[in-house]
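Letters A, B, ... are given to chains in the order of the sequence lines, protein chains preceding strands, and every chain is numbered from 1. This is a predicted model, so every value here is computed, not measured. We use all heavy atoms of the structure for the numbers below, so side chains are in, but hydrogens, waters and symmetry mates are not.
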Amino acid sequence: MFTLSRKFSTTSIPNPSKLLQRHPQSTTTTHIFIPFSQLQQRKLFESHLISVLHGCTHLTQIKQVHAHILRKGLDQCCYVLTKLIRMLTKLDVPVHSYPRLVFHQVKYPNPFLWTALIRGYATQGPFSESVVLYNRMRSEGTGPVSFTFSALFKACGAVLDVGLGRQVHAQTILIGGFASDLYVGNTMIDMYVKCGFLECARKVFDEMSERDVVSWTELIVAYAKSGDMDSARELFSGLPVKDMVAWTAMVTGYAQNGRPREALDCFQRMQDSGVKTDEVTIVGVISACALLGVAKYANWVRDVAARYGFGPTENVVVGSALIDMYSKCGSVEEAYNIFEGMKERNVFSYSSMIVGFAMHGRAHAAMQLFHEMLKTEIRPNKVTFIGVLTACSHAGLVEQGRQLFATMEKCFGVAPSADHYACMVDLLGRAGRLEDALELIETMPMEPHGGVWGALLGACRIYGNPDIAQIAANHLFELEPNGIGNYILLSNIYASARRWDDVSRLRILMREKGFKKNPGCSWVESKEGVVHEFFAGDMNHPQSSEIKRALADLLDRLKAKGYQPNLGSVTYDLSDDEKKRILMNHSEKLALAYGLLSSDAGCTIKIMKNLRICEDCHAFMCSASQVMGREIVVRDNMRFHHFSDGACSCGNFW
DNA sequence: ATAGGGTTAG
């Protein structure tokens, strides 16, 4: 419990309202002689109160200080009361209650006291009240200060009302002096960015007479978030003094835009320039490593984080980022180790772990963790439901998924979004209930987006239904005119149905549109930690002939165990022998052969692929895991497949 | 007073 220090509580403080009285109607202040020592004492007392208020962490403490303020006759002292209101709103005390009362007890509030209240509303809402108060303050003849505008811009940013923001902007120019204020300019930039008016923000920035690193960073982040890393980099390179926050914005920006190599380069340059690193920087680097998906980098960044003292036990955000990273680097076990070791967990940690399990086909683990989470006070959010629904869909748990979907709003207040509908379409579609899936789409309360139709199209591929596929594809071509994957998927479905005319029609269409098929590519890490890359039919590897021989041997052994090439996986109208040759040239098979050649017996082989693994390769991997007695992990563009003992973790759903 | 952070489906 805190107490006021004895020094001040025993000193008798003159009543300030008696010392300095100001008649409301008079413009001149009535000066009363105040002994200098007393004045000084009062100033000291006020600043003491300010610092005591600053240290308050509970409402009861603030109430005690308030009582003390009243006892000492400072009930009209705007300076101290401003701080009081600020602390109250900081502790989330509703502005409308206690803070507003404090304000109304002051007869002649100064601009700072007005602003404290305006700011309170700008933080908590109702945001329009900020503007109402500003107008009242002006009509009562009180002039604004720069904080007043910052609070107003904050309110405009909160309601994304750029119209109002422009009016406030006009006020700053009209009243004079404020438009060139550094702080006002910075909050104005923030407001325009929040409202999505990047070019207005840039204009404010360009016209500011004085800028600091905050102004620059605000814009850099805005460019990064809009996906324009080139502008962000250009701005950053012109920034005279780059601090930790600005560097971090760049590292994170690269990571958020799927450019992990540049993120890591940037982090390297940041360290070279001698700027400090904190946990926010580390989180950016971790998400860059998650994109790389390579175990080597995962372990490296974990060590870096530990060296700086930001481990998963100390920081939830670092921990959650590490969970996601390890899941994406192929190691759910390690992800779960991190999860288990965390002191504090929140909805991010749980959701990341659930999504991680789902990604690796561990539906049971995902569901179990979800139910564990429900026993805590952490509430699931929309991402958590995405995780459990995809887990259900990969495990074919149709009824369980339906139940979750039906209750998510009623029991947890999470309204299903189009993304959740996409999960449900996926769930029904994978279970072969294509008509049910189509019906669900037709009853959606919102417009179905590409993900929804894409899920249906994917299901049509599994079950070879060209008619429903056509419906889905027509919507997709409209929604995603540049999505080459949809054209390829549809053409594959036609090929499986042996509708070669439709296949060639699509192929011509694709050529007209100037689409180029993304070449399939797989990569595998050798035991020395070198990443080897293989394209389909690639014979450029120095050990190419050995790889070819190993693959042929493997094929013979698999055939002896009953493996048959799946000719339906080839979508060209070719002879069976040609088809077999093409299948054996798939990049993931080359990568597997190299992995077998270059690794020690008993080691797991981890292969990564940029496209979805085909059915033939999937069956091939299953069989190979059994025949060779090796665990094989393949990460395709969608998820992880753990092949072991002739079976895959995805349960043939992918 | 103002700037940088983690999870999302085909």
Mind checking if [X] touches a base, just sugar-phosphate, or nothing, with heavy atoms under 4.0 Å?
X	value
A:Lys90	nothing
A:Ser287	nothing
A:Thr384	nothing
A:Gly450	base
A:Asp419	base
A:Ser150	nothing
A:Lys328	sugar-phosphate
A:Asp181	nothing
A:Val221	sugar-phosphate
A:Val316	base
A:Val355	sugar-phosphate
A:Ser146	base

Can you tell me how far the [atom1] atom of [X] sits from the [atom2] atom of [Y], to the nearest 0.5 Å?
X	Y	atom1	atom2	value
A:Tyr223	A:Met250	OH	CE	12.5 Å
A:Leu264	A:Arg269	CG	CZ	11.5 Å
A:Met137	A:Thr115	CE	OG1	5.0 Å

A:Val95 backbone acceptor or donor facing A:Gln124 side chain under 3.5 Å: yes
Nearest-neighbour nucleotide for the [X] side chain, [options] considered:
X	options	result
A:Ser352	B:dG4, B:dT7, B:dG6	B:dT7
A:Ala455	B:dG10, B:dA1, B:dG5	B:dG10
A:Val383	B:dT7, B:dT2, B:dG6	B:dT7
A:Asp212	B:dT2, B:dG4, B:dG5	B:dT2
A:Glu279	B:dG5, B:dT7, B:dG10	B:dG5
A:Met244	B:dG6, B:dG4, B:dG5	B:dG4
A:Arg119	B:dT8, B:dA1, B:dG6	B:dA1
A:Ser351	B:dT7, B:dA9, B:dT2	B:dT7
A:Arg430	B:dG6, B:dA1, B:dG10	B:dG10
A:Asp278	B:dG6, B:dG4, B:dA3	B:dG4

Return the value, rounded to whole Å, for the distance between atom [atom1] of [X] and atom [atom2] of [N].
X	N	atom1	atom2	answer
A:Met444	B:dA9	CE	C1'	12 Å
A:Lys382	B:dT8	NZ	P	13 Å
A:His360	B:dT7	NE2	P	15 Å

Ring centre gap for A:Tyr326 and A:Tyr336 strictly below 6.0 Å: no
Test item: A:Phe267 and A:Thr277 side chains (from C-beta on) under 4.5 Å apart, heavy atoms: yes
Side-chain heavy-atom pair A:Lys194, A:Cys156 within 4.5 angstrom cut-off: no
Residues in contact with DNA chain B, drawn from residues 468-481 of chain A - heavy-atom cutoff 4.0 Å: A:Leu476, A:Glu480
Plane angle bin for A:His360 and A:Phe640 - parallel if under 30°, tilted between 30 and 60°, otherwise perpendicular: parallel
Chi angles and distances behind the salt bridge (charged side-chain N to carboxylate O under 4.0 Å, His left out) call for A:Glu207, A:Arg202: CA-CA 9 Å; A:Glu207 287 170 0; A:Arg202 179 61 191 248; over 6 Å; no
